[in-house]
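Have a look at the structure below before the remarks.
The analysis underlying the following values was restricted to heavy atoms, covering all of them including side chains, and did not include hydrogens, waters or symmetry mates. All figures in this text were calculated on a predicted structure; none of them were measured in a lab.
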Amino acid sequence: MKARMCCAGLRNLLQGLSFSAKYYSKHNPPQTVCLFSKIAPKKCHILGCSKSTCTHRTAPPGSILPCRFFSCKQEGTKVLSKRKQNTSMVTSELLHKSLLKSEQKNWNNISPRYKAMTKRIREKLEELHNMYTLNSRSPRIRFGENVYFEENGCIFLAKADDGEGNAKILFSIEDLGFSDAFIQRIRISPDQRYMAISLKSENSEEATCIIMKLGNLPVVEKVIPSVFSFEWAANDVLYYTAQKNLKCQNVFMTTFTYQKLTKLVYTEQDARFFVDLYCTKDRHFLTINSNSKTTSEVWLVDCRHPFESPALVQARTTGLMYHVEHRKDQLYILTTYGEPAEYKLMKAPVASSGKENWQLVYALERKTKLVDFEMFSDDCIMFLKNAGHLYLNVISFVSHSVQSIKLPTWACEFELESHPEHTTSTCYFQLSSPVHPPKRFAYSFKENNLIEQAVQEVPIITNCHTTRLLAKSKDETLVPITVFHNKNSKELHRRPLLVHVYGAYGIDLNMSFKEEKLMLIEEGWILAYCHVRGGGEQGLSWHRDGCQHNKLKGLHDLRACITLLHQEGFSQPKHTALAAASAGGVLAGALCNAAPALLRAVVLQCYPSVFITAYENDERVPLTGILQYVQKLRKAALDHASRTSNKGNWIPNIILDVQADGSHCDSSWEHSLNEVWSLYCTAP
């Protein structure tokens, strides 16, 4: 569900921890935008991704989703007769259809009013989309002299020294009849005879795995539905996890030799745990990672003996999380073991991998977020975040030294490119921000420096200024804020401000590039991102300090951030809008009640206007609940307006747009239009 309110004022974790960040990293969840004045904000969406994950910003697979009890039989509870139950069900279904029909009629009456505005926004977004997204370069996967890459729904094979002009098409989404899907993940077998691909539709939470047999004429070898993660354990042995109802608990092995077989390898019995797969960088082990929100357990499959039973690394211990890499008969373990309860790099022999044998290699500094980790033959790289800044730590296993390298100040997100060969001497990655399209960089182990790759066809925006602030919260904690604005903007205190917040699940705010954010900057908007507690921007303790009984701290952080922005001359309450994705809506709603002086619509003490986007097939937020919520909200807003009519309060717009297609984590770029348009629709 998406809402817009008129008011003023290892990625996600790591591969194999809690949930697969690769699955959520590029899918932007629905957003709750607190609309404040008559300003016109925009929306952000990114087109496809070769390694998906939603990153963001909704409750990820592997997290414990709230239970919904539709019926509960207890002692002393009167049970309805079957006839009365059937009557109740029919009545409920009729009410649902009636509410849906009413809302669709309301939507059809409202939408034509904004036809001209819709046309203008669409044209501008299409221009930006064509300029940046279509010219962006997808990640390359290099195996020896071969280079694999994906573009426009096709997977190509090219020779490294022959250029990509002579690339061969290995796979096409359209040719196989999957025109409504996008490529989510690609895995090439070690001998390059097979290629496994996952395809996912925008309207589904589950993916389909296609296994292609490569050669002069690539052919489809097998199709596996409802797959989450998969890895090659050997040349013709594929392990994969099955996904059902947002859960992954079974691991299967399938072979493609003369004796083809598929068998169950592992089953997770605890419903709180989510299972995914990962191959160590040297391809020595395939790891089966079972994770809850707070606890991990890893099993090893020896890729030299893929048919043998998995071996346990360390039995699950409540509160202990860990992820495993391998180098020269040693397991390198990223773990929260020991004090403080932040990530550390430890090691242990493969033969005696229990935690009693773990030895410390490197510990992170306080309030530092481990974003991702990559292992190479003689080094490893940690991608870190502190107070909103990104930087690298390069740990040498040969010289036992640590080199810290700062990244450009505008960089907010990074995408690590696939490096199948762990002996490579260069690590490639892309940096971006909400208003800076991805730019390619490389770190050279030999030269020990950061290299900016050749200038891309589309120039990086140069008129956008990036500012980092620290707001002092109620308990004196300093909360990072990242601010973007046009360098040419005059009188910033008069400019509209769009504030973003999340603060949940230990997940960072989504700050990847969005065309609509760039459009806002060009039109004079200020964009602010508040990294409040409850999120993961400053490590695990940052999350713990803002969740459950500490949830109010996130609210205090948000209030302090917006107050500081106004004090520093960035807009004012009557020109301020607030955007919150999914669970971030809790903080947005609480702020409207707790700090009315910051938010224009609340300053008027009237209900804010709300624009809600819902999907008929949303598995996370059922449509029935949304319809009932809209009816109650509309009644409450009208009742309040009638009681306070003498104060000149306006009647807010409560608009529901029910879409037949789409899902909770929809990332289609066309929804950017809806995001921006909703701000205009709900403005008084």
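A heavy-atom distance below 4.5 Å is not found between the side chains of Phe484 and His465. Inter-residue side-chain proximity for Pro408 and Phe441 is flagged as met; some heavy-atom pair is nearer than 4.5 Å. Put simply, the side chain of Asn393 does not reach to within 4.5 Å of the side chain of Ile381, judged on heavy atoms. Between Pro438 and Leu431 the shortest side-chain heavy-atom distance does not fall below 4.5 Å. In this structure, Leu497 and Gln572 have side chains that are not in contact, with every pair of non-hydrogen atoms separated by 4.5 Å or more. Within the 4.5 Å cutoff, no side-chain heavy atoms of Lys406 are placed close to those of His389. Taking the side chain as every heavy atom from C-beta outward, Glu342 and Thr336 never approach each other to under 4.5 Å. Two residues are said to be in side-chain contact when any heavy atoms from C-beta on lie closer than 4.5 Å; Leu392 and Leu384 fail this criterion.
Remark: Arg468 pairs with no residue by the salt bridge (charged side-chain N to carboxylate O under 4.0 Å, His left out) rule, at least two apart or across chains. Checked against side-chain contact (heavy atoms from CB on, under 4.5 Å), Val483 has the following partners two or more places apart in sequence or in another chain: Thr467, Leu469, Ile481, Ile526, Ala528, Leu565, Phe570. Judged as a side-chain contact (heavy atoms from CB on, under 4.5 Å), and not counting sequence neighbours, the contacts of Glu365 are Thr368. Legend: residues meeting ring-ring contact (aromatic ring centres under 6.0 Å, His included) with Tyr443, ordered by chain and number and at least two apart, are Phe445. Residues satisfying the salt bridge (charged side-chain N to carboxylate O under 4.0 Å, His left out) test with Lys472, not counting sequence neighbours, are Glu476. Under the side chain to side chain donor-acceptor pair (under 3.5 Å) criterion, Arg634 pairs with Glu103, not counting sequence neighbours. Applying the side chain to side chain donor-acceptor pair (under 3.5 Å) criterion to Ser433, with sequence neighbours excluded, gives His436. In this view, Thr409 satisfies the side chain to side chain donor-acceptor pair (under 3.5 Å) rule with no residue, not counting sequence neighbours. The side-chain contact (heavy atoms from CB on, under 4.5 Å) check on Lys474 picks up His556, with sequence neighbours excluded. Looking at residues two or more places apart in sequence or on another chain, you find a side chain to side chain donor-acceptor pair (under 3.5 Å) between Glu123 and Lys119.
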*Would you please test Glu522 and Lys124 for salt bridge (charged side-chain N to carboxylate O under 4.0 Å, His left out) and show each step?*
CA-CA 11 Å; Glu522 291 181 351; Lys124 182 62 177 177; 3.1 Å; yes

*Go through Lys517 and Trp525 one step at a time and tell me if the side chain to side chain contact (heavy atoms under 4.5 Å, CB included) criterion holds.*
CA-CA 9 Å; Lys517 301 302 183 188; Trp525 277 71; over 6 Å; no

*So Leu334 and Leu370, side chain to side chain contact (heavy atoms under 4.5 Å, CB included) or not? Walk me through it.*
CA-CA 10 Å; Leu334 279 172; Leu370 176 58; 3.6 Å; yes

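You'll find the ring centres of Phe429 and Phe383 inside the 6.0 Å limit.
Panel note: side chain Glu413, backbone Met511; a donor-acceptor pair is recorded below 3.5 Å. No donor-acceptor pair under 3.5 Å is formed between the side chain of Asn486 and the backbone N or O of Glu523. Between the Asp545 side chain and the Asn550 main chain, no donor and acceptor come within less than 3.5 Å of each other. Of the possible donor and acceptor atoms, one in the side chain of Lys344 sits under 3.5 Å from a partner among the backbone N and O of Pro340. A side-chain donor-acceptor contact under 3.5 Å links Asn510 to the backbone of Ser512.
Here CG of Asn386 is found 10.0 Å from CZ of Arg366. Values are rounded to the nearest 0.5 Å. Atom CE of Met519 is separated from atom CG of Leu128 by 7.5 Å, given to the nearest 0.5 angstrom. Here Tyr391 contributes atom OH and Leu450 contributes atom CG; the two are 15.5 Å apart, rounded to the nearest 0.5 Å. Considering SG of Cys427 and CD1 of Ile451, their distance stands at 11.0 Å, rounded to 0.5 Å. One distance of note links CD of Glu417 with CD of Gln430; it measures 5.0 Å at 0.5 Å rounding. Atoms OH and CG, on Tyr502 and Asp508 in that order, are 11.0 Å from each other to the nearest 0.5 Å.
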Tell me which donor-acceptor pairs under 3.5 Å the side chains of residues 531-540 have, and how far apart each pair is, sequence neighbours excluded?
| unit_1 | atom_1 | unit_2 | atom_2 | d |
| --- | --- | --- | --- | --- |
| His531 | ND1 | Glu537 | OE2 | 3.4 |
| His531 | NE2 | Thr482 | OG1 | 2.9 |
| Arg533 | NE | Asp557 | OD1 | 3.4 |
| Arg533 | NE | Asp557 | OD2 | 2.9 |
| Arg533 | NH1 | Asp475 | OD2 | 2.9 |
| Arg533 | NH1 | Thr477 | OG1 | 3.3 |
| Arg533 | NH2 | Asp475 | OD1 | 3.1 |
| Arg533 | NH2 | Asp475 | OD2 | 3.3 |
| Arg533 | NH2 | Asp557 | OD1 | 2.8 |
| Glu537 | OE2 | Leu509 | N | 3.0 |

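When all heavy atoms are compared, the tightest approach of Val435 to Cys464 is CG2-SG, 3.5 Å. Nearest heavy atoms, Val479 versus Ser473: CG2-CB, 4.1 Å. Of all heavy-atom pairs spanning Pro480 and Gly388, the tightest one is CB-N, 4.4 Å. Here the closest non-hydrogen pair linking Leu564 and Ala471 is CD2-CA, 3.6 Å. Between Leu390 and Cys412, the closest heavy-atom pair is CD1-C, 3.6 Å. The shortest heavy-atom contact between Gly524 and Ser489 is CA-OG, 4.2 Å.
Applying the salt bridge (charged side-chain N to carboxylate O under 4.0 Å, His left out) test to residues at least two apart or on different chains, the pairs with a partner in residues 494-507 are Glu491-Arg494.
Inspection of the His543 and Lys369 side chains reveals no N or O donor paired with an N or O acceptor under 3.5 Å.
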